[in-house]
Amino acid sequence: MNKKVLVTGGTGYIGSHICLKLFELGFDVYIIDSFINSSHLNIANLKLINTQKKKNFNNKIHIIQGDIRDKSFLEKLFIGIAKKNKRFYSVIHMAGLKSVTESTFNPLSYWDVNVNGTINLLDVMSKFDCKTIIFSSSATIYGKSKKKFLSEDLPIKPCNTYGETKATIEKILSNLFFSDLGKWRICNLRYFNPAGADPSGLIGEKFCLNPNNLFPYLNLVAGGKKKFLKIYGNDWPTRDGTAIRDYVHINDLAFGHILAMNYLSSNKSQILNLNLGTGNGNTVLEVLKTFQKVNNCEIKYVFKERRIGDVTSLVADNSNLKKLFNWSPCISLSDMCRHSWNWFIKNKSTL
Ligand code: NAD
Ligand code: WQD
């Protein structure tokens, strides 16, 4: 197979896991990344995994360092591919900024990178008649829904800047689709809470000493880098008073992209909005206890006030994804905790 896939943000947390799957399936992978939130180590390690698996796909990894806001940089890449009389089979678009908290303090960067960057990419794709795209959207666009399971037809009401940029990109993609009927194949994958790492422990989420998200923080406490986890609220209307989220293993999430890509290319032009979550929710305390048990470690915690912007529960209604792609999550919460810790202990010296 010599199909070329362009992955923006492909050296990041989710991107590196998707790239691993793409290599395993024999795709020719072009990665664009500015490395603003990733490191060259992820690439070296992707190559190492291929070597360990005795797969010789390293000549199929093309890393192009650059910024999606730089249109001439994007055009050069597409011109290079066109000169070989080729085109991209699909684009998987993940490049962007992703911190909810940071987005409230630095909104212009979020609009610039996420929205302007995406407009550039779509413009260049359109010029070169490359009209298949999978976009990394987020469950955060549903805002404060009170539904037990979130389905794709719920109103889009993001309540933070980051979520607004994601909702805006979905809107742009929809406008584009209807402006050029019959041409675009678009899939917005609305991720719930990605967690874990590849079992090799060689690729994972970049460390940060003050993470906002639960899994990185659990690792820091278990690894002695933080004294305790602050649990935001023990008065939520849930089985143990802590908030519920739908944690999905990064490799299950990555596989969803492969299915989406294959589905789009073998079906008629369409635009899909699909939740990518397991459909099961766990409380913060359940995650913490699972993490302790499977990794045989202690995680001290204290209860704090609810975090601003948090909601009781966010769990996917994933019936559309299951029906269309025959996707189902294969990896348990226990393995998410094991793999997350495995990544941490193998790489904590880079902290
Ligand atoms: P990440 O930060 O690890 O990966 C994003 C990558 O994009 C990084 O490698 C970064 O260097 C690159 N990048 C950022 N700005 C760029 C630019 N202007 N030009 C080129 N590259 C740029 O984040 P992730 O967790 O892998 O998330 C990937 C995508 O999925 C993001 O769009 C994010 O918003 C979305 N998403 C993530 C989550 C999550 O919980 N991790 C949930 C929902 C959606
Ligand atoms: C999970 C639960 C916290 C840290 C965010 C984004 C969302 C998506 C995924 C990008 C919540 C609790 C957390 C801590 C805690 N990202 N918690 N102590 O907020 O569901 O979603 O990441 O698209 O857009 O909003 O994930 O991991 O931050 O929190 O008690 O130190 O853990 O209150 O209930 P969240 P999270």
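Order of appearance sets the numbers: ligands from 1, and atoms from 1 within every ligand.
Residue contacts with ligand 2 do not include Leu314, since none of its heavy atoms lies under 4.0 Å from the ligand. Ligand 1 is approached by Lys166 to a heavy-atom distance shorter than 4.0 Å. Residue contacts with ligand 2 do not include Trp236, since none of its heavy atoms lies under 4.0 Å from the ligand. Heavy atoms of Ala139 stay at 4.0 angstrom or farther from ligand 1.
Of the protein's non-hydrogen atoms, Tyr247 OH, 3.5 Å is the one closest to atom 2 (C) of ligand 2. Scanning all protein heavy atoms for the shortest distance to atom 1 (P) of ligand 1 gives Asn37 ND2, 3.9 Å. The closest protein non-hydrogen atom to atom 21 (N) of ligand 1 is Ser34 N, 3.1 Å. In terms of protein heavy-atom proximity, atom 30 (O) of ligand 2 is nearest to Tyr232 N, 3.0 Å.
In this structure, Phe344 and Trp341 have parallel ring planes: the angle between them is below the 30° cut-off, well short of the 60° mark. Ring-plane geometry between Trp343 and Phe207 is classed as parallel, the angle between the planes falling under 30 degrees on a 0 to 90 degree scale with a further cut at 60. Using a 30° and 60° split on the angle between ring planes, Tyr263 and Phe325 fall in the tilted class, from 30° to 60°.
Those atoms of ligand 1 with a heavy atom of Tyr162 less than 4.0 angstrom away are 33 (C), 34 (O), 35 (C), 36 (N), 43 (C), 44 (C). Close approach to Val113 involves these atoms of ligand 1, each under 4.0 Å from a residue heavy atom: 15 (N), 18 (N). Listed by number with element, the atoms of ligand 1 under 4.0 Å from a non-hydrogen atom of Ser136 are 29 (C), 30 (O), 32 (O), 35 (C). Taking a cut-off of under 4.0 Å to the non-hydrogen atoms of Gly66, the atoms of ligand 1 that pass are 19 (N), 20 (C). Set against the non-hydrogen atoms of Ser137, the atoms of ligand 1 under 4.0 Å away are 43 (C), 44 (C).
Residue contacts with ligand 2, taken as heavy atom pairs separated by less than 4.0 Å, involve Asn213 via backbone and side-chain atoms alike. Under 4.0 Å from ligand 2, the heavy atoms of Leu229 that appear belong solely to its side chain. Contact annotation for Phe35 and ligand 1: only backbone heavy atoms (N, CA, C, O) come within less than 4.0 Å of the ligand. The proximity of Leu214 to ligand 2, defined as any non-hydrogen pair under 4.0 Å, involves the side chain as well as the backbone. Heavy atoms of Asp33 found under 4.0 angstrom from ligand 1 belong to the backbone as well as the side chain. Residue-level proximity to ligand 2 for Phe215 is absent, since no heavy atom of it falls below 4.0 angstrom.
Ser38 and Thr11 share a donor-acceptor pair across their side chains, judged by distance under 3.5 Å alone. Side-chain contact check for Asn251 and His339: no donor-acceptor pair (N or O, by modelled atom type) lies under 3.5 Å. Side-chain contact of Asp246 with Asn280: a donor-acceptor pair under 3.5 Å is absent, judged by distance alone.
The shortest N or O to N or O distance between Asn193 and ligand 2 is below 3.5 Å. Checking only distances, Ile32 never comes within under 3.5 Å of ligand 1, N or O to N or O. Of the polar atoms of Ala95, none of the N or O atoms is found under 3.5 Å from an N or O of ligand 1, judged by distance alone. In terms of polar-atom proximity, Pro194 is not counted as a contact of ligand 1, lacking any N or O under 3.5 Å from an N or O of the ligand. Between Ser38 and ligand 1, at least one N/O pair is under 3.5 Å apart.
The option from Arg306, Lys304, Arg245 that lies nearest to atom 11 (C) of ligand 2, judged by heavy atoms, is Arg245.
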